[in-house]
**Student:** 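The following block contains the structure, expressed as structure tokens.
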Amino acid sequence: MSNGAMPKPEVSDRADAPRHVAIIMDGNGRWAAARGLPRAEGHRRGVEALRKVVRASHELGISYLTIFSFSSENWSRPASEIGDLFGLLRRFIRNDLATLHADGVRVRVIGERGGLESDICALLTEAEELTRNNTRLTLVVAFNYGSRQEIANAAQRLAREVAEGRRDPATITPEVLGSYLDAPDIPDPDLIIRTSGEQRLSNFLMWQAAYSELVFVPIHWPDFDKAALESAIAEYATRERRFGGLVAKNAS
Ligand code: FPP
């Protein structure tokens, strides 16, 4: 991802720079279809766009980047396409992990590990372990992830504590439930971007998105680049964030 020292962040001291950007990388299939290419080629070009955006995120002073790589609903796709997406994840980790590590990127993974092939689980764990002390940018990979399942898992754990007499139900506040989600130490996304013109969350970070600004961009994911990220951030900077209150702009 880089051949030398990472450049200094360009906007980290701006009050309106989002600390956490989350992206629904949509439109790989349509990008490929528009060019008469197989869907797999769209996903492959999607990984190239991802590489560029990880690097741009650091350059733009973003601390957390969450990407929706494989949703729990994606299992309904043809087996060959699921195989392509898993193959890309394998290759992404094998080829890019050393560079991500050298660039100071910490990799975190959210989603269900159960049901994934053991080599995929091992690669995800290896990426998390190798990069655990990195601090420049945290890349949160949502893989086999669905927000409703994440919330249901948290509810199950809390219900078990109540059933075993270890918890009073009255103590289950939003803060407590939030602390049982997959990555409770990561701040909620300030900005969620979805490419390809679709305007919905599709079961992505629904708890964490309560006060996120949503920016929908018309281009397909393989065409997304640093300029597109900057323009989404510029749109975010025009929004007045009130968090249910009256004035506080960009409070967090
Ligand atoms: C949406 O495009 C994208 C996905 C389902 C997966 C996103 C995956 C990548 C960018 C590559 C894999 C990522 C890693 C980290 C290996 P779509 O197929 O839904 O496009 P369409 O809506 O145009 O059909």
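In each ligand, atom 1 is the first atom listed, and ligand 1 is the first ligand listed.
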**Student:** Strictly below 4.0 Å, N to O, side chains only: are Asp185 and Arg108 in salt-bridge contact?
**Tutor:** yes
**Student:** Given Phe70, which of Phe143, Phe92, Phe204 fulfils the ring pair (Phe, Tyr, Trp, His ring centres under 6.0 Å) condition?
**Tutor:** Phe143
**Student:** Could you list, one pair per line, each nitrogen or oxygen of ligand 1 together with any protein nitrogen or oxygen closer than 3.5 Å, giving atom names and the distance rounded to 0.1 Å?
**Tutor:**
from, atom 1, to, atom 2, distance (Å)
ligand 1, 2 (O), Gly27, N, 3.4
ligand 1, 2 (O), Asn28, N, 3.3
ligand 1, 18 (O), Arg39, NH2, 2.9
ligand 1, 18 (O), Arg77, NH1, 2.8
ligand 1, 19 (O), Asp26, OD1, 3.4
ligand 1, 19 (O), Arg77, NH2, 2.8
ligand 1, 20 (O), Gly27, N, 3.4
ligand 1, 20 (O), Asn28, N, 3.2
ligand 1, 20 (O), Gly29, N, 3.0
ligand 1, 22 (O), Asp26, OD1, 3.2
ligand 1, 22 (O), Arg30, NE, 3.4
ligand 1, 22 (O), Arg30, NH2, 2.9
ligand 1, 23 (O), Gly29, N, 3.3
ligand 1, 23 (O), Arg30, N, 2.7
ligand 1, 23 (O), Arg30, NE, 2.7
ligand 1, 24 (O), Arg39, NH1, 3.0
ligand 1, 24 (O), Arg39, NH2, 3.1

**Student:** Is the closest side-chain donor-acceptor distance between Glu161 and Tyr180 under 3.5 Å?
**Tutor:** yes
**Student:** Tell me the closest heavy-atom pair linking Arg19 and Pro187, and the distance in Å.
**Tutor:** NH2-CB, 3.6 Å
**Student:** Can you list, by chain and residue number, the hydrophobic cluster partners of Trp31 when the side-chain cut-off is 4.5 Å?
**Tutor:** Leu37
**Student:** Could you check whether Glu59 pairs with Lys52 (Lys NZ or Arg NE/NH1/NH2 to Asp/Glu carboxylate O, under 4.0 Å)?
**Tutor:** no
